Amino acid sequence: MTRELRMGNLKMGLDLDLDLKRFRYARAETDVLQDIKINIRPGTVTAISGDSGSGKSTLGAILGGILPRTGLDQFEGAITVGGKHIAFSENESPRIDPSGWAQHIAFLPQDANDYLSGIRETVAEEMAFSLENRGVPRKDILTRIRAVADMLDIKHLLAQYAGTLSGGQTRIVALGALMVDNPQVLVLDEPLAGLDKNAQNMVLSAIQQLKLLGKAIVVITRNYVHGADLVDEVLKLEDGELSRFERKSLPSNQESNLDKKPAQLTGRNCSRVLLEFAGTNLGYQPSAPQIVSGFNLKIHAGECVALLGPNGIGKTTILKAAAGLLKPTTGKIRTSTFPGLLLQNPNDQLIERTVFKEVGYGLRPGTESRRQVAEVLDRLDLRGKAEMHPYELSISERKLVALASVLVHEPEILLLDEPTEGLDENAIGVLREILDVCTSKGHGVLFTSHDDSFVAHAANRTVQLNAVENAR
Ligand SMILES: Nc1ncnc2c1ncn2[C@@H]1O[C@H](COP(=O)(O)OP(=O)(O)OP(=O)(O)O)[C@@H](O)[C@H]1O
Ligand SMILES: [Mg+2]
């Protein structure tokens, strides 16, 4: 039976309880989550952690009212929110009124683009969207937008079109749009991923303030070390089941056992230049100020170089230009061969209906290409996913599929945009091995990252972009 639930006016300071017996996606053969009980209380921060594919984002989407999709997914259990009990069973699948739900319980998806409408002219208009729909007076909307933009340090982005934001800017703007709505419960999936240090601190201090205001906050994260002192309880998901940890038992540094990469080049023929930027200017509109000015860089055979800098400085822009997706306005870009590019958001890179077809896209059909695809899927531990639709995978698994589709062509120059974003420690270890193999073959790697630990262990050299070099 399907019935629509209206949330109506609920009191301030909401309790949210989930008693989940089982959840299974439509068309799936096994349950993703079983026997999970969670109690979210006002004025607390709950972290939900777990490896890639453990079900974190699914759990977040259930708390966020996005799942189950009525008539498709199987969900048995109950959600109690502000005293309202909503039971789900094989025979009863109430349809949650999404806008009513979102007024009280807001959900920031792991792909923050999904939170923004994409149809508003500016960031400010995006942030105004839900309050406008609820008929809040314009003056009050503007006051709220200004307060949130101040809190997150995004005032400089308010007049920009949201479709042209960088990866990190998109996430913080989506969080701002969500906060403008003033929900009682905030479920945030990887809210710090892809953010520079300043933006991370802004988000952590916003979470601190929201907690003091009595909001209930759920943070879904693979790395709960950042902001650990804000967290009241950590729930760890393993194979769809939950265990609880006291905050004091958290590891102080999850990544401390990684080996250091030697700082010297080991590749053969390492004086050969594979990629060169010479006095390169890059921008999206010739008449507007350039995003990157006078950029110089050489990547030699066997080198793994990290391109660093704050959100919106132009790192993705440089990688896109190296891959030939953006022409320099002035200056030169020279490449020895056609580079392979892993985009920051894997959703922008996946077009086929199965993982196997996706990875084999562009290869000449035949036994040899099937062997190549199978081999790269093995290397990335994706063999079991070969017949799945890429959109049935978690974002981290999609990222690995996108990486596989690049690696299968064995590019001599590998361009990776935030390759560790959303990956768990296992997958990061696999990625490091892949980079080592590439450089030992004399290939060159240029990657962007906000993940200091990965940079320290994977890069031979770092290049720092800053606003002074790139007068904008
Ligand atoms: N298609 C576009 N049109 C106009 N401006 C754009 C476009 N894409 C990006 N920009 C702007 O260019 C600047 C650089 O963006 P870019 O994506 O290169 O940043 P980034 O350094 O990769 O940031 P992040 O760390 O957040 O990924 C940003 O200010 C962004 O708003
Ligand atoms: Mg970027």
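Numbering starts at 1 and runs along the sequence shown. Just so you know, ligand 1 is whichever comes first in the structure, and atom 1 is the first atom listed for that ligand. Just so you know, these numbers come straight off a predicted model, no measurement behind them. These values consider heavy atoms only, across backbone and side chains, with no hydrogens, waters or symmetry-generated copies.
Numbered from 1 in the order shown, with element, the atoms of ligand 1 that lie under 4.0 Å from a heavy atom of T317 read 14 (C), 15 (O), 16 (P), 18 (O). Residue contact check: G167 has heavy atoms under 4.0 Å from atoms 26 (O), 27 (O) of ligand 1. Close approach of ligand 1 to I291 (heavy-atom distance below 4.0 Å) involves ligand atoms 11 (C), 12 (O), 13 (C), 14 (C). Near Q344, meaning under 4.0 Å from any of its heavy atoms, are these atoms of ligand 1: 27 (O).
For F447 and F454, the ring centers sit closer than 6.0 Å to each other.
Counting heavy atoms from C-beta outward, L446 and I413 have side chains that stay 4.5 Å or more apart. Looking at V430 and D381, their side chains never come closer than 4.5 Å, going by heavy atoms from C-beta outward. Inter-residue side-chain proximity for L158 and M127 is flagged as met; some heavy-atom pair is nearer than 4.5 Å. A 4.5 Å side-chain heavy-atom check between K298 and V305 finds every atom pair outside the cut-off.
With salt bridges taken as basic N to acidic carboxylate O contacts below 4.0 Å, none links K399 and E421.
Polar contact check, G309 against ligand 1: no nitrogen or oxygen pair lies under 3.5 Å apart. Any N or O atom pair closer than 3.5 Å counts here, and L165 shares no such pair with ligand 1. Residue G168 has at least one nitrogen or oxygen atom sitting less than 3.5 Å from a nitrogen or oxygen atom of ligand 1, judged on distance alone.
By the criterion of a heavy-atom distance under 4.0 Å, the side chain of H450, and not its backbone, is placed next to ligand 1. When heavy-atom distances to ligand 1 are checked against a 4.0 Å cut-off, T164 comes that close through both its backbone and its side chain.
Ligand 1 has at least one atom lying under 4.0 Å from a heavy atom of Q160.
At most 12 heavy atoms of other shown residues, nucleotides or ligands fall within 6.0 angstrom of atom CZ in R353. Residue E132 qualifies as enclosed at atom CD: its count of foreign heavy atoms under 6.0 Å is above 12. Enclosure of atom OH in Y361 is not indicated, since only 12 or fewer non-hydrogen atoms of other residues, nucleotides or ligands lie within 6.0 angstrom.
Note: Y391 and H389 have tilted aromatic rings, judged against thresholds of 30 and 60 degrees for the angle between ring planes.
Around the Mg ion (ligand 2), the protein N, O or S atoms found under 2.8 Å comprise T316 OG1, Q344 OE1.
Among H450, K197, Q169, the one residue that satisfies the side-chain hydrogen bond (donor to acceptor under 3.5 Å, both in side chains) test with N311 is H450.
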